Number of protein chains: 2
Amino acid sequence: MTASARLTMEDVTERLGITSRTLHYYEEIGLLPDVARTEGGHRLYDEEMLNRIAHILRLKQVLGASLQEIRDILQAEEELEQIKASYRGESDLDERDRLLDEAAARLQAIIHHIDEKMEKLQAMRQGFGERLERARRLKQGGSE
Amino acid sequence: MTASARLTMEDVTERLGITSRTLHYYEEIGLLPDVARTEGGHRLYDEEMLNRIAHILRLKQVLGASLQEIRDILQAEEELEQIKASYRGESDLDERDRLLDEAAARLQAIIHHIDEKMEKLQAMRQGFGERLERARRLKQGGSE
DNA sequence: ATTCAAGATTACGTTAACGTTAGTTTTGCA
DNA sequence: TGCAAAACTAACGTTAACGTAATCTTGAAT
């Protein structure tokens, strides 16, 4: 359906605020798959690939994950999608469920990690908030 | 009051799960103040300093801040405390309030940054949660 | 057909945040 | 007093995640 418009290197780097070196590097370490090329060798991206890259950048920024950790997360996601895709038409039913459980457990672990992070952030925010509040009260009200 | 027990290097590293090199490094780059020493030159910490170090480690872990950013945050906190401490007995009232506002604004900015981070984390958690949910539904329920 | 900005490859450079010797001195304890 | 464990300083090593420079090739517009 979506004919996936051909995006040039500049398109991608500009829209995502990164440099070409970053894309080269991600491809180099296998974080991104080898992308399509023009006959002359220039890389050609599409929207799906752009989303994938954006996802990686979010995982880095928001989660503060290393590229290695991101690779693991991506792998977990892909496995889950693969299993979901091949869910109908599989022979070994028990094995099928086992694989799905396993992949789901990995996602669950990631979610748990996020939850922990949010709790800690919440606590830290609380601390800063109280400090600020005391300062404000000091300025506004007089004593006690 | 609290006579601040003398903590040895090993006490600190063991309780915080870091190595001595880390403390040396933090001191080296001025993230930690020069600490008390024994007559022989060994470092002596106290509970307050330990809390300070723990705070730094939390900022690193939870916020994912660089040591440079942490230095800025610590400075903002200290300035605020200083102003609070010297609040009574100051001559220039307007200047006093201006300083406090400025320090408060810096803390506010940090808090804002934390809030943004939490929102993004929340969104990401949502995404993962939905993916997981779909997988679970796939396994449990049949079609539809 | 020409041009010239944009892309490719290769390879060395950089920064943060420690790790890891190495060699010397201090300390707490038997 | 003697000694092994723990600390100190100084200096070089390491890893991740790109930056940067050089040189060559492509591709879109004139």
Side-chain angles (χ1 to χ4, degrees), chain A residues 4-47 49-50 52-75 113, chain B residues 5-46 49-50 52-75 113:
Chain A
S4 66
R6 335 181 94 218
L7 302 178
T8 175
M9 170 66 72
E10 201 178 21
D11 292 335
V12 176
T13 58
E14 212 154 286
R15 286 175 58 178
L16 296 180
I18 59 179
T19 73
S20 62
R21 179 62 172 109
T22 298
L23 288 179
H24 289 161
Y25 182 63
Y26 287 0
E27 201 177 314
E28 185 182 327
I29 66 173
L31 190 56
L32 289 177
D34 286 359
V35 71
R37 303 283 187 128
T38 72
E39 128 195 9
H42 285 196
R43 271 164 261 251
L44 280 181
Y45 300 89
D46 57 9
E47 291 290 337
M49 184 61 74
L50 188 142
R52 205 188 152 119
I53 300 170
H55 186 207
I56 291 177
L57 296 175
R58 267 197 308 274
L59 287 171
K60 220 172 84 75
Q61 265 199 23
V62 179
L63 224 64
S66 70
L67 298 187
Q68 176 57 53
E69 291 164 336
I70 291 177
R71 201 208 311 261
D72 296 345
I73 295 177
L74 293 184
Q75 192 184 338
H113 183 238
Chain B
R6 337 181 93 218
L7 301 177
T8 174
M9 170 65 72
E10 200 178 21
D11 292 335
V12 176
T13 58
E14 212 155 286
R15 285 175 59 178
L16 296 181
I18 59 180
T19 73
S20 62
R21 180 61 173 108
T22 299
L23 288 179
H24 289 162
Y25 182 64
Y26 287 0
E27 200 176 316
E28 186 182 326
I29 65 173
L31 190 56
L32 290 177
D34 286 359
V35 71
R37 303 284 189 128
T38 72
E39 128 194 8
H42 285 197
R43 272 164 259 251
L44 280 181
Y45 300 89
D46 56 8
M49 184 60 75
L50 188 141
R52 205 188 151 120
I53 300 169
H55 186 206
I56 290 177
L57 295 174
R58 267 197 308 274
L59 288 171
K60 220 173 84 75
Q61 265 198 24
V62 179
L63 224 64
S66 71
L67 299 187
Q68 176 57 53
E69 291 165 337
I70 291 176
R71 201 209 311 261
D72 296 346
I73 295 176
L74 293 184
Q75 192 185 338
H113 183 238

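Each chain gets a letter, A, B and so on, in the order its sequence line appears, and its residues count up from 1. Note that the structure is predicted; figures quoted are calculated from it, not measured.
- Contact check for B/Leu74 versus B/His55: side-chain heavy atoms found under the 4.5 Å cut-off.
- No option in A/Leu23, A/Asp11, A/Thr8, A/Leu50 other than A/Leu23 meets the side-chain contact (heavy atoms from CB on, under 4.5 Å) test with A/Tyr45.
- At the phosphate of D/dC8, OP1 or OP2 sits under 4.0 Å from a side-chain N or O atom of B/His24.
- Rounded to whole Å, the distance from CD1 on B/Ile53 to P on C/dC18 is 13 Å.
- A heavy-atom distance below 4.5 Å is found between the side chains of A/His24 and A/Met9.
- Between atom CD1 of residue A/Ile29 and atom CD of residue A/Gln68 there is a gap of 8.0 Å, rounded to the nearest 0.5 Å.
- Proximity of B/Arg37 to the phosphate of D/dT9: a side-chain N or O atom is located under 4.0 Å from OP1 or OP2.
- Atom-to-atom, CE of A/Met9 to P of C/dA5 comes out at 19 Å; the value is rounded to the nearest Å.
- The nearest whole Å value for the distance from the CD1 atom in B/Ile56 to the C1' atom in C/dC18 is 15 Å.
- A straight line from OH of B/Tyr45 to C1' of D/dA6 spans 13 Å, rounded to a whole angstrom.
- When distances are taken from the side chain of B/Thr8 to each of C/dA8, D/dA7, C/dG19, the shortest belongs to D/dA7.
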Under 3.5 Å between N/O atoms: give me all the protein pairs with nucleotides 13-17 of chain C, atom names plus distance.
residue: C/dA17; atom: OP1; partner: B/Leu67; partner atom: N; Å: 3.0

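- As rounded to whole Å, 15 Å separates atom P of D/dA5 from atom CD of B/Glu14.
- Between B/Arg21 and B/Glu28 the shortest side-chain heavy-atom distance falls below 4.5 Å.
- Between A/Ile70 and A/Tyr26, the closest side-chain pair of non-hydrogen atoms is not below 4.5 Å.
- At a threshold of 4.5 Å between non-hydrogen side-chain atoms, the residues B/Thr19 and B/Thr13 do not count as touching.
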(request) Evaluate the salt bridge (charged side-chain N to carboxylate O under 4.0 Å, His left out) criterion for residues B/Arg37 and B/Glu27: first the C-alpha distance (whole Å), next the side-chain angles of each, then the deciding distance (0.1 Å), finally the verdict. (result) CA-CA 13 Å; B/Arg37 303 284 189 128; B/Glu27 200 176 316; 3.7 Å; yes
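- Between A/Asp34 atom CG and C/dA8 atom P the separation is 12 Å, expressed in whole Å.
- Taking atom CG on A/Leu23 and atom C1' on C/dA6, their separation rounds to 14 Å, with Å as the unit.
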Hey, what are the protein-to-nucleotides 22-28 of chain D N/O distances that come in under 3.5 Å?
residue: D/dT26; atom: O4'; partner: A/His42; partner atom: NE2; Å: 3.3
residue: D/dG27; atom: OP1; partner: A/Thr38; partner atom: OG1; Å: 2.6
residue: D/dG27; atom: OP1; partner: A/Gly40; partner atom: N; Å: 3.2

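- Following rounding to the nearest Å, B/Glu28 (CD) and D/dC12 (C1') show an atom-to-atom distance of 13 Å.
- A/Leu16 is listed as a side-chain neighbour of A/Ile53, based on a closest heavy-atom distance under 4.5 Å.
- In this structure, the nucleotide among C/dA8, C/dG19, D/dC18 sitting nearest to the side chain of A/Arg43 is C/dA8.
- The shortest distance between the side-chain N/O atoms of A/Ser20 and the OP1/OP2 oxygens of C/dA6 is not below 4.0 Å.
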